[in-house]
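This is a predicted model, so every value here is computed, not measured.
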Amino acid sequence: MKRVLLLFGGRSSEHEVSCLSARSVLAAIDRDRYEMLAVGITRDGRWTLTDGDIVTPPGKPMPEVDDAGPTVALVGSRRGPLLVELDEDAGTSRVVSEVDVAFPVLHGPYGEDGTVQGLLTTVGVPYVGADVTGSSIGVDKAAMKAAFAAADLPQGDYGTVHRARWADAPDEVADGLESDLPYPWFVKPARQGSSIGISKVSSRDDLADALAEAYRYDLVAVVERGFQAPREIEVGVLGVRDLEVSAPGEIRPSHEFYDFEAKYLDDSELVIPAEVTAEVGSRIDDMARRAYRAIGCRGMARVDFFLVGDDGGERLLINEINTIPGFTPNSMFPRLWDAEGLAYPALVDRLLELALETE
C-alpha cells in the first residue's frame with residue numbers, strides 16, 4: 001500500500017480553496033490502495049497532522065486547517081523520506097510514517113509556485129504535478145505570458161507594472177498602458193490565482209485603486225486587455241511524455257467575470273462539452289499541448305482560453321495555464337475528466353501513477 005502525503009491549506013490567500021480541494025480528494029481516494037497522511041499547513045506555515053476530517057468552522061463560509069493537531073515535518077533519512085512528529089515542548093520527535101508519494105493540493109504562492117516542489121525534490125519524494133521550474137513559471141502570469149509568446153501562442157495584449165515603477169512614475173505608466181491597450185483592462189497580481197486581487201478598469205480614473213488591490217498580493221501587476229463578452233473555454237491535460245487532452249468545457253460566469261465568488265460561492269454554469277466547431281476544438285487541443293510544453297509542465301494542468309469575436313472574425317486566444325487546478329466539487333478540471341469517463345477516484349489514481357512514473 002502506497003503512503004500518500006496530502007498537503008493542503010497553506011499560507012496563500014487560497015487557503016480555503018485548497019481545503020475544499022483536499023476534502024474532495026480524501027473523499028474519493030481508494031483507501032484499499034493508499035494510506036493517507038493528511039497534513040494541513042496553517043496560515044502561519046505550521047505543518048500539522050490531521051485525521052483527514054476537514055471541517056468548516058462555525059460562522060465561516062469555507063473550511064480551514066484545524067490547528068489542534070501535532071506539528072510534523074518532512075525529513076530525508078537513510079530509510080528514505082519520513083514524516084516526523086515533533087514535540088515542541090519536550091524537544092523530542094518520533095517517526096510517523098515513511099512517505100512514498102506526495103499530492104500537494106496547494107493553490108497560489110507557497111505551494112503552487114515551486115517552493116513546496118523544491119522541498120519535496122530535495123527530500124526525494126515523488127509528487128503529483130509540475131516540477132520546480134514548471135510550477136514557478138505557471139504561477140507567474142508575466143513569466144507564463146513570456147513563455148507563451150516564445151512558443152508563438154496567440155494571446156491578448158498585456159503589460160506588466162512593478163509597484164516601484166508605479167510609485168515613481170504613475171502618469172508615465174498610465175500613458176504607456178493607454179497607448180498599448182484599449183479599454184477595458186483587467187488588472188491582477190502576477191503571482192496569484194482564483195481571480196483574487198483582480199479588478200476591471202474602464203478608465204484611467206480606476207487604475208490607481210486596481211493596482212493598489214493587486215499590490216496587496218504581489219510586487220508585480222499584470223494589466224490585460226479586456227474583450228467584449230468573450231467565451232471562456234478550458235481543457236484538462238494529463239501526462240508526462242504522452243499527453244491526453246480533454247474535450248473543452250465552457251464557463252458561463254454568474255458575475256461579470258469569473259472572480260473568486262463566481263468560482264466557489266455562486267452558481268456559475270459549466271457546459272461540458274463546450275459548443276465549438278471541430279476546427280476550433282482541434283486548435284484548442286493543439287494550443288493546450290503547446291502551452292503545456294512551453295512552461296515545462298508535467299502530470300496535470302488546466303489550460304484556459306478566450307474565444308473572442310470581433311471584426312476580424314472569431315479568434316482563439318490562450319489565457320493561462322494552471323498547474324494545480326481546483327479539485328473542489330464545482331471545479332472544472334475533475335468535471336472535464338469525468339465527462340471523458342475518468343471518474344474522480346480514477347483521476348486521483350492516474351495522477352499518483354504519473355507522479356511515480358516521473359521518478
Side-chain angles (χ1 to χ4, degrees), residues 138 141 144-145 148-149 151-158 181-188 192-196 198-202 222-238 243-292 294-295 300-323 325-326 328-340:
K141 294 178 179 64
M144 177 200 308
K145 289 175 180 295
F148 291 163
D152 292 323
L153 286 161
Q155 58 186 322
D157 295 330
Y158 72 97
L181 306 175
Y183 289 107
W185 307 334
F186 286 95
V187 176
K188 55 187 73 172
Q192 192 58 256
S194 289
S195 301
I196 291 172
I198 186 171
S199 303
K200 184 178 180 179
V201 172
S202 299
V222 173
V223 182
E224 299 175 348
R225 176 190 174 182
F227 296 96
Q228 180 65 36
R231 294 178 64 189
E232 300 188 38
I233 309 293
E234 300 182 350
V235 295
V237 184
L238 294 174
L243 304 185
E244 303 169 66
V245 180
S246 74
E250 180 174 1
I251 295 167
R252 295 176 180 169
S254 56
H255 293 195
E256 182 181 11
F257 57 93
Y258 200 39
D259 60 7
F260 183 89
E261 287 76 16
K263 283 184 179 181
Y264 301 111
L265 300 179
D266 296 336
D267 293 324
S268 292
E269 184 182 3
L270 306 184
V271 180
I272 304 172
E275 296 175 0
V276 297
T277 66
E279 188 270 335
V280 169
S282 177
R283 287 163 52 205
I284 289 171
D285 184 287
D286 173 68
M287 288 172 61
R289 293 171 188 271
R290 289 165 57 197
Y292 196 86
I295 72 160
M300 64 175 172
R302 193 193 69 235
V303 187
D304 303 348
F305 299 87
F306 289 137
L307 197 55
V308 179
D310 55 25
D311 293 340
E314 197 170 54
R315 291 190 295 153
L316 180 66
L317 304 174
I318 191 159
N319 180 27
E320 65 181 36
I321 189 168
N322 192 310
T323 58
T328 74
N330 293 330
S331 295
M332 180 66 97
F333 185 77
R335 292 180 63 173
L336 285 168
W337 288 111
D338 185 70
E340 297 286 336

State, yes or no, whether a side-chain contact exists between [X] and [Y] at a heavy-atom distance under 4.5 Å.
| X | Y | value |
| --- | --- | --- |
| Arg335 | Ile272 | yes |
| Phe305 | Val235 | yes |
| Asn322 | Phe333 | no |
| Glu314 | Val280 | yes |
| Leu316 | Val308 | no |
| Ser282 | Ile284 | no |

Non-hydrogen atoms of [X] and [Y] that approach each other most closely:
| X | Y | answer |
| --- | --- | --- |
| Tyr183 | Val201 | CD2-O, 3.7 Å |
| Val303 | Ala291 | CG1-CB, 4.3 Å |
| Tyr292 | Leu243 | CE2-CD2, 3.5 Å |
| Pro248 | Ile233 | CB-CG2, 3.6 Å |
| Pro230 | Phe306 | CB-CD2, 4.1 Å |
| Pro334 | Gly326 | CD-O, 3.5 Å |

Euclidean distance, [Y] [atom2] relative to [X] [atom1], rounded to 0.5 Å:
| X | Y | atom1 | atom2 | value |
| --- | --- | --- | --- | --- |
| Ile196 | Lys188 | CD1 | NZ | 12.5 Å |
| Glu250 | Leu270 | CD | CG | 10.0 Å |
| Met332 | Ser246 | CE | OG | 8.5 Å |
| Leu307 | Arg315 | CG | CZ | 10.5 Å |
| Asp304 | Glu232 | CG | CD | 8.0 Å |
| Ile318 | Met287 | CD1 | CE | 5.5 Å |

**Report entry** Residues Lys145, Glu320: salt bridge by 4.0 Å N-O rule
**Finding:**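 No, no charged N to carboxylate O under 4.0 Å.
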
Report task. Tell me, with the steps shown, if Arg231 and Val276 meet side chain to side chain contact (heavy atoms under 4.5 Å, CB included). Result -> CA-CA 10 Å; Arg231 294 178 64 189; Val276 297; 4.0 Å; yes

Can you name the side chain to side chain donor-acceptor pair (under 3.5 Å) partners of [X], sequence neighbours left out?
| X | answer |
| --- | --- |
| Asn319 | none |
| Gln228 | none |
| Lys141 | none |

Query raised in the report: Of Arg289, Arg283, Arg290, which meets salt bridge (charged side-chain N to carboxylate O under 4.0 Å, His left out) against Asp286?
Result: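 The passing option is Arg290.
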
Requested in this report: Begin with the C-alpha distance, continue with both residues' side-chain angles, and end with the deciding distance and a verdict on side chain to side chain contact (heavy atoms under 4.5 Å, CB included) for Ile321 and Arg302.
Outcome: CA-CA 6 Å; Ile321 189 168; Arg302 193 193 69 235; over 6 Å; no

Query - Donor-acceptor under 3.5 Å (Glu340 side chain, Ala247 main chain) - result: yes

Requested in this report: Determine, step by step, whether Phe148 and Leu317 satisfy the side chain to side chain contact (heavy atoms under 4.5 Å, CB included) criterion, reporting the C-alpha distance in whole Å, the side-chain angles of both residues, the deciding distance to 0.1 Å, and the verdict.
Outcome: CA-CA 11 Å; Phe148 291 163; Leu317 304 174; over 6 Å; no

Requested in this report: Give the intermediate values and the outcome of side chain to side chain contact (heavy atoms under 4.5 Å, CB included) for residues Tyr158 and Val223.
Outcome: CA-CA 5 Å; Tyr158 72 97; Val223 182; over 6 Å; no

